[in-house]
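Order of the sequence lines fixes the chain letters, A, B, ..., with proteins taken first and strands second; residue numbering starts at 1 for each chain.
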Amino acid sequence: LPEDFDWREKGAVTPVKNQGSCGSCWSFSTTGALEGANFLETGKLVSLSEQQLVDCDHECDPEEEGACDSGCNGGLMNSAFEYTLKAGGLMREEDYPYTGTDRDTCKFDKTKIAAKVANFSVVSLDEDQIAANLVKNGPLAVAINAVFMQTYIGGVSCPYICSKRLDHGVLLVGYGSAGYAPIRMKEKPYWIIKNSWGENWGENGFYKICRGRNICGVDSMVSTVAAAVRS
Amino acid sequence: DTFSDDQLIKQVTDGSDELLGAEHHFTLFKRKFGKSYASQEEHDYRFSVFKRNLRRAARHQKLDPTATHGVTQFSDLTPAEFRRTFLGLRKLRLPKDANQAPILPTSD
């Protein structure tokens, strides 16, 4: 594994988006992962539609009653991959633009599919495996506890205590080997995470969180997706 | 060598330093993030939330010293409002039937 790795430098990451006042983080995490996978498959970076997921994806967990993807009220990335697989794919952002509101109608147009899911899977709770899957398969959809993100401005976040109760969907796009940590007097490796709260939040829309201890549950729910070649 | 930090730096406030200039910070916050409130009551309430969040940011800074914490676009929201409005992970566990990614070689 390389010591440092960043999919942004390789052109696999679209500009930071903004979910607005809508609990649709899960859809941004999903599109981000598929945008990266589609880039690996086709060599082209295409921004995909979160609004299609918000409006059209109501995939449910068969094991848990009422646990369904539900627009601004929340969802799960794996369910969204399942929806995308069943629906046939996702449209371009420009063909189905984001409004950040729940609507009753789904405007999915099958003739305008821009990216398809071939398969998806979850990655084991092992940081080397997470890094290997990131390097091999592209950006990963991950869940995190976002309590420290409400006040985060920059730097490598490495709280002494952080709940592992997952409540936010984000995109893992890379890692670094040495984020400077003056207080603890040592260099700290970190994950680079793309968020969906606009470029004015965090480090131009990105979050750095330290590696090594499943901080804020960042290693707990990691999903990788492969894109299918469009026919 | 005989001087400690306490002797070098004289405390001139009452200790609640994270709230020093809170009103000014709130004015800057409103301007930076284009915030406006419908009524004076709402404004006053949001200011009280903002002050609580300044204290919270200071706590986060102590707990998370390698990052910088402070005023963000969410500083006028309570933690519950923040969760309700901007977080949306619906389930806490993965489906049992989820495919497991194959183990990849990581040495060399």
**Q** Let's go through B:Leu89 and A:Met77 carefully: what are the C-alpha distance in whole Å and the side-chain angles of both, what is the deciding distance for side-chain contact (heavy atoms from CB on, under 4.5 Å) to 0.1 Å, and is it a yes or a no?
**A** CA-CA 8 Å; B:Leu89 199 75; A:Met77 291 78 86; 3.6 Å; yes
**Q** Would you tell me whether B:Arg56 and A:Gln150 have side-chain atoms, one donor and one acceptor, within less than 3.5 Å of each other?
**A** yes
**Q** Among A:Ile209, A:Val123, A:Val147, A:Asn137, single out the residue with the greatest number of heavy-atom pairs under 4.5 Å to chain B.
**A** A:Val147
**Q** Would you check if A:Val122 and B:Asn99 make a side-chain contact, meaning some heavy-atom pair closer than 4.5 Å?
**A**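 No - every pair of side-chain heavy atoms lies 4.5 Å or more apart.
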**Q** Please check this pair: side chain of B:Asp64 against backbone of A:Cys158, looking for a donor-acceptor N/O pair closer than 3.5 Å.
**A** yes
**Q** Can you say whether B:Lys62 sits under 4.5 Å from chain A via the side chain, the backbone, both, or neither, judging by heavy atoms?
**A** backbone
**Q** Sub-3.5 Å donor-acceptor pair from the side chain of B:Arg90 to the main-chain atoms of A:Ser70, do we have one?
**A**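 It does not hold such a pair.
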**Q** What is the distance from atom OH of A:Tyr152 to atom NE2 of B:His69, rounded to the nearest 0.5 Å?
**A** 8.0 Å
**Q** Could you tell me whether the side chain of A:Gln19 and the main chain of B:Phe86 form a donor-acceptor pair under 3.5 Å?
**A**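 At least one qualifying donor-acceptor pair exists.
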**Q** Taking side chain as everything from C-beta outward and backbone as N, CA, C, O, which of these in A:Lys208 sits under 4.5 Å from a heavy atom of chain B? Side chain, backbone, both or neither.
**A**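 It is neither, since no heavy atom gets under 4.5 Å.
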**Q** Please report whether the ring centroid of B:Phe82 lies less than 6.0 Å from that of A:Trp197.
**A** yes
**Q** Nearest 0.5 angstrom please: A:Thr224 OG1 to B:Leu104 CG, how far?
**A**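 Result: 9.0 Å between the selected atoms.
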**Q** Kindly say whether B:Leu87 contributes a backbone atom to a donor-acceptor pair with the side chain of A:Asp167 at under 3.5 angstrom?
**A**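 Between the backbone of B:Leu87 and the side chain of A:Asp167 there is no qualifying donor-acceptor contact (under 3.5 Å).
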**Q** By a 4.5 Å heavy-atom criterion (distance strictly below it), what part of A:Val135 contacts chain B: side chain, backbone, both, or neither?
**A** neither
**Q** Is B:Thr72 reaching over with its side chain to a backbone N or O of A:Thr151, donor-acceptor style, under 3.5 angstrom?
**A**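 Checked: no pair found.
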**Q** Top residue by heavy-atom pair count (under 4.5 Å) with chain B, among A:Trp26, A:Phe81, A:Trp201?
**A**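 Heavy-atom pairs under 4.5 Å are most numerous for A:Trp201.
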**Q** Let me confirm one number: the CD-OG distance from B:Glu81 to A:Ser21, rounded to the nearest 0.5 Å.
**A** 11.0 Å
**Q** Working to the nearest 0.5 Å, report the span between CD1 of A:Ile153 and OG1 of B:Thr68.
**A** 6.5 Å
**Q** Heavy-atom pairs under 4.5 Å with chain B: which of A:Ala143, A:Cys25, A:Cys72, A:Gly198 has the most?
**A** A:Cys25
**Q** Working note: A:Cys210 + B:Thr66, criterion side-chain contact (heavy atoms from CB on, under 4.5 Å); need CA distance, chi angles, decisive distance, verdict.
**A** CA-CA 9 Å; A:Cys210 63; B:Thr66 57; over 6 Å; no
**Q** Taking every heavy-atom pair that is under 4.5 Å apart, which of B:Pro79, B:Ala101, B:Ala57, B:Pro102 has the most such pairs with chain A?
**A**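 Ranked by contacts with chain A, first place is B:Ala101.
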